[in-house]
Asks: 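One structure follows; several queries about it will come next.
Proteins come first, then strands; the chains are lettered A, B, ... in the order of their sequence lines, and each starts at number 1.
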Amino acid sequence: MPEITRDTLADTLDEIALLLELKGENPFKIRAYRNGAEVVRSFDGDIVARAIDDNLKGIKGIGDALQDKLHELASTGSLEFLENLKGAFPPGLFELFEIQGLGPKKIKVLHEKLDVGSIADLKEVCESGRVAELSGFGKKTAEKILAAIENRSKFAGRFVLAKVAESAEAIRSVLRDHPAVSRVEVAGSYRRAKETVHDLDFLVASSDPSELTAFFTRLEGVTEIIARGDTKASIRLENGLQCDLRAVSAAEFPFALMYFTGSKEHNVALRQVALQQGLTLNEYHLAPVDGSERPDPTPDIHEERDIYRELGLAYVEPELRENRGELEAADAGELPRLVDQDNLRGTFHCHTTESDGSSTLEEMADAAGELGLAYLGIADHSKSSFQARGLDEDRLAAQIAAIATLNKRDAGIRVFAGSEVDILKDGDLDFDDDLLAQLDYCVASVHLPLGQDEKTMTRRVIRAMENPHVTMLGHMTGRLLLRRDAYPITHDKIIDCAAATNTIIELNCSSMRMDMDWRWWRRARDKGVKCSINPDAHHVRQLQSLHFGVRIARKGWLRREDIINCLPLPEVIQWLETPKGQRS
DNA sequence: GCCGTTTTCGGCCCGACTGTTTTCAGTCG
C-alpha cells in the first residue's frame, strides 16, 4: 500500500473535483471537493491518522461523503470512487487543463466530439481545422489554443518570486509616472509573497482607464497583447511572464486592491463575513445587500485597512491572506505583529571562495556591512561535499583563524565562523564533535544522498539535530523551486525535534529554495522553534535575497522575536555561547 | 457535497473579456 500523506488526501480531492468538472457535474458539488482539499491541507493536527481512524466528524467542510472517502483512501490506500471516475477518461486529458483558455467545458467537448486525449491530439485537430468547425469554437479559438500550446512548452508558466521582482518594480515605476495615474500597486500573489508566481497583477487608480490599458500594451518589452479592453489588459513580456492591468477610479482603488491581492480563498471568506453583516463586497464597493437597512459605509473607505475595520476586523497584512486562519485571528484581535525588513540585524549561512562561493570572505563581510548588518555567519561546505570543494579539518581550522584575524580589524561587522556540515546518510555529521565545538555555530544540511524514503530521511535529520553542536538545520527539504521536488521528510517530527533540542530551523531564502516552506512556520513558531533567515549566498549579490526571506517569514506568521537573526549582536553572541540545551 | 440561533431544503461570490453568438457561454482571477 502506498504511503498516504496529507498531500495525498488533498490532491485526491482536487483530482476528483477535476474529474467531476469533466463529467459536467453540479458546480457546487465540485466546489465542495475543492474546499475539502483546502481544509485537509490546512488542518491543524494529524489529519491522516484521523482519516485512518474514521474520526473526521465535526471538521467544517468535511461532511459524511468526504469523511467516508478520506477514510477509505487513508486506510486502504485507494479509492474505488476515484478509480471508476478515472476510467472514463484517457490519462493525457488532464494536461489539457494547463492550456490557457481551455476549461472543463471545452475539454469535455474536445474529448467527446473529436476524441482528443492529449495535447498532441489537440494540436493535430487544431491544425487540421476540425476544432474551428465545432459549435461554440471557431477559427480564433483554434489559433489561440495553438498559441497557448506553444507558450506552455516554451515557459513552464511559473516564476520564482525574486526573479519577477525586477519586472514588477520597473513596471510599477513607469505606471506611477503616468500623468493620469494617482495610485499604483502590484497586487496578486506577488504582493502576498508567494514563493512562485504565475503572473503579475498591476492595479492603477486613474482618471482615464482606457488610456491606461492602451499605455500598458505599449510598454517596452511587451511581446504579446493577450487582451485589451477599457478597464483591463493583459500582456506578455519577453521572458514569458504574463502581466495584467486593471484600471479603476480612485474611490474603487482600495476595494480593487483587496480583490486583486486575493487570495481567492481569502476573498471568498471575507465576502461571507460581509454577507453575515448584511453587506456585499466586490472589487468596487462595500454596500448594503438589497433590502437591508444598514447605511452605506462606502464614503469613509480610502484604504484596505478601512474595509477590514468596517467589517469589524483588524488589518490583515497581504502575506497572511491565504485563508489559513487569518480572518479568525483578525476577528479575535490575535494577528501577530509581523517581522519587518529593518528588524534584521545579521544573517548566517553564507559561502565564500573557500568552497563553492564566488566572493571572498572579505568581500562577503564588507557587503554584509554595507547592507547594514551587524554580523555575518560564514558556513562553507564540509569535506563530503567534494563537488562543492568542501573544507576538510585543516582548511576549516585555517578559515577559523582567518575569520579571527578579520574580526580584529574594525570593519563594523562581526563574522562568525561556522560550517555547513553535511548530514551523512545515516545521520552522522561530517566533522567530529571536537572540531564542531571550536566553531561559533554550525548549520547541518542534507546534500547527498537524496533518494531515501521518508522514514529514513526523517531519522537521519533527527539524529543530526540531536547533536549538541548543531545550531540550525539547513534547507530542510532540499527542494529547488520549479526544478526539483522536496525530498520526503515528516515535517511534524522535525519540528517537534527542533523544539525539543533547541535546534533552529533555517528559512533558506535563496531564491530557488524558500525552504522550510512558509506553510509550516506558524506551527513551528507555536511550538517555540526559532527561525534563522539565511540567504545561502554564494556571491555578495545574493545577500539581497534576505529581503524575500523576510517576506516569506511574514507569510509564515513570524514575528521579530521568532527570528534569531533579529537579535542585536551582543545578544546573539551571548545566545551562541550558551550551551544548546540551556538556550531559550 | 456542505451547511443551518431564520432554514434538514435550498441556497452556495462575482464581474470582465473573448469569441461565438444575436443574447450568451466559457474562462479567468
Side-chain angles (χ1 to χ4, degrees), chain A residues 13 16-17 20-21 23-39 56-70 81 96-110 131-145 147-148 157 187-192 194 197-203 209-210 213 217 225-234 242-248 252 255-256 258-276 278-287 289 323:
Chain A
L13 295 182
I16 292 173
L20 294 178
E21 277 190 318
K23 269 186 74 182
E25 261 284 6
N26 171 5
F28 298 107
K29 185 190 280 195
I30 293 161
R31 189 181 300 170
Y33 277 96
R34 290 242 155 80
N35 180 54
E38 273 317 303
V39 170
L56 296 166
K57 221 170 186 54
I59 301 175
K60 197 160 178 283
I62 310 285
D64 292 342
L66 266 66
Q67 284 175 40
D68 288 347
K69 291 188 175 72
L70 289 172
F81 177 73
L96 265 55
F97 281 93
E98 294 166 26
I99 302 297
Q100 193 165 37
L102 285 190
K105 302 280 171 56
K106 286 200 167 125
I107 292 174
K108 186 165 185 264
V109 172
L110 287 164
V131 167
E133 292 164 7
L134 285 174
S135 153
F137 289 69
K139 206 172 154 213
K140 279 208 159 178
T141 306
E143 283 168 11
K144 285 210 151 188
I145 291 173
S189 48
Y190 179 78
R191 184 161 181 248
R192 299 200 316 278
K194 280 292 289 292
V197 303
H198 171 252
D199 57 15
L200 290 175
D201 297 296
F202 294 90
L203 179 70
S210 81
T213 57
T217 59
I225 298 170
I226 300 166
R228 201 220 128 185
D230 285 341
T231 63
K232 182 179 169 180
S234 291
Q242 180 175 328
C243 300
D244 298 338
L245 176 81
R246 290 294 288 243
V248 299
E252 292 161 346
F255 301 100
M258 171 177 273
Y259 183 84
F260 291 110
T261 295
S263 65
K264 204 167 122 188
E265 292 76 17
H266 177 88
N267 287 347
V268 168
L270 201 60
R271 281 194 176 148
Q272 307 266 20
V273 171
L275 280 175
Q276 282 161 18
L279 294 166
T280 172
L281 176 65
N282 63 22
E283 62 258 59
Y284 301 116
H285 61 248
L286 180 67
V289 289
N323 198 30

Asks: Would you say B/dC17 has OP1 or OP2 under 4.0 Å from some side-chain N or O of A/Ser234?
Replies: no
Asks: Specify the separation, in whole Å, of atom CD of A/Gln276 and atom P of B/dC12.
Replies: 14 Å
Asks: Before giving the answer on side-chain contact (heavy atoms from CB on, under 4.5 Å), spell out for A/Leu270 and A/Met258 the whole-Å C-alpha distance, their side-chain angles and the decisive distance to 0.1 Å.
Replies: CA-CA 10 Å; A/Leu270 201 60; A/Met258 171 177 273; 3.4 Å; yes
Asks: Are any protein N/O atoms closer than 3.5 Å to N/O atoms in nucleotides 26-29 of chain B? If there are, list each pair with its distance.
Replies:
| residue | atom | partner | partner atom | Å |
| --- | --- | --- | --- | --- |
| B/dT27 | OP1 | A/Gly103 | N | 2.6 |
| B/dT27 | OP1 | A/Gly103 | O | 2.9 |
| B/dT27 | OP1 | A/Lys106 | N | 2.9 |
| B/dT27 | OP2 | A/Lys105 | N | 3.2 |
| B/dT27 | O5' | A/Gly103 | N | 3.4 |
| B/dC28 | OP1 | A/Gly101 | N | 2.6 |
| B/dG29 | N2 | A/Tyr259 | OH | 2.4 |

Asks: Who passes side-chain contact (heavy atoms from CB on, under 4.5 Å) against A/Leu66, sequence neighbours left out?
Replies: A/Leu13, A/Tyr33, A/Ile62
Asks: Rounded to whole Å, please give me the gap between CD1 in A/Ile30 and C1' in B/dC2.
Replies: 14 Å
Asks: What are the two closest non-hydrogen atoms of A/Val248 and A/Tyr284, and how far apart are they?
Replies: CG1-CE2, 4.5 Å
Asks: Between atom CD1 of A/Ile16 and atom CD1 of A/Ile30, what is the distance when rounded to the nearest 0.5 Å?
Replies: 12.0 Å
Asks: For A/Val268 and A/Arg246, take the nucleotide of DNA chain B holding the closest heavy atom to each; which residue's nucleotide lies nearer the 5' end?
Replies: A/Val268
Asks: Compile the donor-acceptor pairs under 3.5 Å between side chains in residues 98-110 of chain A and protein atoms, sequence neighbours left out, one pair per line.
Replies:
| residue | atom | partner | partner atom | Å |
| --- | --- | --- | --- | --- |
| A/Glu98 | OE1 | A/Arg152 | NE | 2.7 |
| A/Glu98 | OE1 | A/Arg152 | NH2 | 2.8 |
| A/Gln100 | OE1 | A/Arg236 | NH2 | 3.4 |
| A/Gln100 | NE2 | A/Gln242 | OE1 | 2.9 |

Asks: State plainly whether the residues A/Glu21 and A/Arg34 are in salt-bridge range, i.e. N to O under 4.0 Å.
Replies: yes
Asks: By the 4.0 Å heavy-atom rule, please label A/Asp230 as base, sugar-phosphate, or nothing.
Replies: sugar-phosphate
Asks: Counting Watson-Crick and G-U wobble pairs only, both distances under 3.5 Å, name the nucleotide matched with B/dT8, or none.
Replies: none
Asks: Check side-chain contact (heavy atoms from CB on, under 4.5 Å) between A/Lys194 and all other residues, then give those that pass, not counting sequence neighbours.
Replies: A/Ser189, A/Arg192, A/Glu322, A/Trp518, A/Arg519, A/Lys555
Asks: Rounded to the nearest 0.5 Å, what separates atom CG in A/Leu279 from atom CG in A/Leu286?
Replies: 4.5 Å
Asks: What is the nucleic acid contact for A/Lys139, judged by heavy atoms within less than 4.0 Å: base, sugar-phosphate only, or nothing?
Replies: sugar-phosphate
Asks: Taking all non-hydrogen atoms of both residues, which atom of A/Thr213 and which atom of A/Lys232 are closest, and how far apart?
Replies: CG2-N, 3.4 Å
Asks: Does the side chain of A/Thr141 get closer than 4.0 angstrom to OP1 or OP2 of B/dT18 through an N or O atom?
Replies: no
Asks: Does A/Asn267 reach the main-chain N or O of A/Tyr259 with its side chain, forming a donor-acceptor pair under 3.5 Å?
Replies: yes
Asks: Enumerate the protein-to-nucleotides 3-10 of chain B contacts in which both atoms are nitrogen or oxygen and the separation is below 3.5 Å.
Replies:
| residue | atom | partner | partner atom | Å |
| --- | --- | --- | --- | --- |
| B/dC3 | OP1 | A/Gly61 | N | 2.3 |

Asks: So which protein nitrogen or oxygen atoms get under 3.5 Å of nucleotides 21-23 of chain B's nitrogens or oxygens?
Replies:
none

Asks: Hey, what do you get for CG (A/Asp64) to CG (A/Leu56), rounding to the nearest 0.5 Å?
Replies: 11.0 Å
Asks: At 4.0 Å (heavy atoms only), tell me whether A/Leu66 reaches a base, stays on the sugar-phosphate, or touches nothing.
Replies: sugar-phosphate
